[in-house]
**Q** 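My structure is below; once you've seen it, I'll send some questions.
As the structure is a prediction and not an experimental result, all values here were calculated from the model. Excluded from the calculations below are hydrogen atoms, water molecules and symmetry mates; all remaining heavy atoms, backbone and side chain alike, are included.
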Amino acid sequence: MISWRRLDEADFPLLRRWLEQPHVARWWNHETSPEAVARDFGPAARGEEPSQDLLILLDGEPFGLVQRCRFADYPEDGAELAGQYDIPDGAISIDYLIGEPERTARGLGTRMIRAIVQATWADHPEATSVLVPVHVGNAASWRALEKAGLRRVADVSLEPDNPIDDRAHHLYRIDRPAG
């Protein structure tokens, strides 16, 4: 069973280990010092900013992370898409990783994304859609999105997380179900 809870500061050593894993570091390219992890994940863990960092569990054991935020709370993210795609009012975005290498390539990414998207409709009644940009080279990620029911709606040019990548991204979307 997949469940989640808010990431807290006691989880930072685990998150740091995940960010150091080659399969995560390739796409996240995040500083992994204890200070950097605390700086970048601390405010959300303490509820000091509107994004949510969720520790994802399989049968009670941590295996991944999902970051969820409203585009309206981070206008700089929407500004980069301006002129390339119209962001609907109420749109939410997610970013995610599977930290444990032995948990990759087993369908857990799809299950995790599907579960978080479904929960988003209840957790955020104002949410109209979920939009997810993903680098075109990260096929495992965009395949998981497709299997979770998101559809590719645009190819956009965005600043990559890793400077070795070009700006080519696919943009995926799923809308709140009717009714």
Side-chain angles (χ1 to χ4, degrees), residues 2-7 15 24 26-30 40-57 63-99 107-163 165-179:
I2 291 186
S3 60
W4 54 87
R5 63 173 173 76
R6 184 179 285 273
L7 184 77
L15 179 58
V24 174
R26 167 63 185 93
W27 298 108
W28 279 62
N29 192 46
H30 198 281
D40 295 341
F41 293 91
R46 293 186 300 271
E48 297 169 359
E49 64 176 59
S51 67
Q52 298 173 305
D53 291 344
L54 305 171
L55 188 71
I56 310 300
L57 313 164
F63 76 93
L65 175 81
V66 171
Q67 294 182 307
R68 182 169 62 177
C69 68
R70 297 177 333 136
F71 272 96
D73 291 330
Y74 297 89
E76 64 278 7
D77 294 341
E80 194 173 12
L81 281 170
Q84 300 182 75
Y85 191 81
D86 289 330
I87 299 172
D89 290 340
I92 300 255
S93 189
I94 61 171
D95 200 357
Y96 45 86
L97 63 84
I98 294 179
L108 288 176
T110 297
R111 289 177 57 196
M112 175 177 71
I113 293 164
R114 189 179 294 128
I116 291 295
V117 166
Q118 288 304 314
T120 296
W121 309 136
D123 296 347
H124 297 274
E126 75 290 354
T128 58
S129 61
V130 175
L131 297 177
V132 184
V134 61
H135 192 273
V136 298
N138 194 347
S141 183
W142 54 259
R143 283 190 198 118
L145 291 167
E146 290 172 352
K147 290 176 186 174
L150 285 81
R151 68 189 191 289
R152 189 180 306 173
V153 295
D155 288 319
V156 295
S157 175
L158 301 173
E159 188 68 32
D161 290 329
N162 193 325
D165 291 319
D166 61 20
R167 296 180 57 88
H169 286 71
H170 298 312
L171 185 65
Y172 282 84
R173 177 177 175 165
I174 190 167
D175 292 325
R176 174 183 288 278

**Q** Quick one: does Trp28's side chain have a donor or acceptor within less than 3.5 Å of a partner on Asp161's backbone?
**A**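 Pair absent, no side-chain N/O of Trp28 close to backbone of Asp161.
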**Q** Say whether, by atom type as modelled, one donor and one acceptor occur between the side chain of Arg176 and the main chain of Pro125 under 3.5 angstrom.
**A**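 Side chain of Arg176 to backbone of Pro125: a pair is present.
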**Q** Identify whether the distance between the nearest side-chain nitrogen and carboxylate oxygen of Glu146 and Arg151 falls below 4.0 Å.
**A** no
**Q** Under 6.0 Å from the CG atom of Asp89, do we count more than 12 heavy atoms belonging to anything else shown?
**A**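 Counting other residues, nucleotides and ligands, CG of Asp89 stays at 12 neighbours or fewer.
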**Q** Does Val132 form a side chain to side chain contact (heavy atoms under 4.5 Å, CB included) with Ile113? I'd like the steps, not just the answer.
**A** CA-CA 11 Å; Val132 184; Ile113 293 164; over 6 Å; no
**Q** If you take all heavy atoms of Arg46 and Glu48, which pair is closest and at what distance?
**A**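 Looking at all heavy atoms of both residues, the shortest contact is NE-OE2, 2.9 Å.
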**Q** Measure from the side-chain N and O atoms of Ser93 to the backbone N and O of Leu131, and report whether any donor-acceptor pair falls under 3.5 Å.
**A**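 Yes.
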**Q** Could you measure the distance from the CG atom of Leu65 to the CE atom of Met112? Nearest 0.5 Å is fine.
**A**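 Result: 8.0 Å between the selected atoms.
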**Q** Closer than 3.5 angstrom, by distance alone: can the side chain of His169 be matched with the main-chain N or O of Ala154 as a donor-acceptor pair?
**A**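 No: the side chain of His169 does not pair with the backbone of Ala154.
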**Q** Measure the spacing between CD1 of Ile94 and CZ of Arg68 and express it to the nearest 0.5 Å.
**A** 9.0 Å
**Q** Any chance you could measure Leu57, atom CG, to Phe63, atom CZ, to the nearest 0.5 Å?
**A** 8.0 Å
**Q** When you measure from the side chain of Tyr74 to the backbone N and O of Ser51, does any donor-acceptor pair fall under 3.5 Å?
**A**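 Yes, because the side chain of Tyr74 sits within donor-acceptor range (under 3.5 Å) of the backbone of Ser51.
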**Q** Under the 3.5 angstrom rule, does the side chain of Arg26 hit a backbone N or O of Asn162 as a donor-acceptor pair?
**A**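 No, because the side chain of Arg26 does not come within donor-acceptor range (under 3.5 Å) of the backbone of Asn162.
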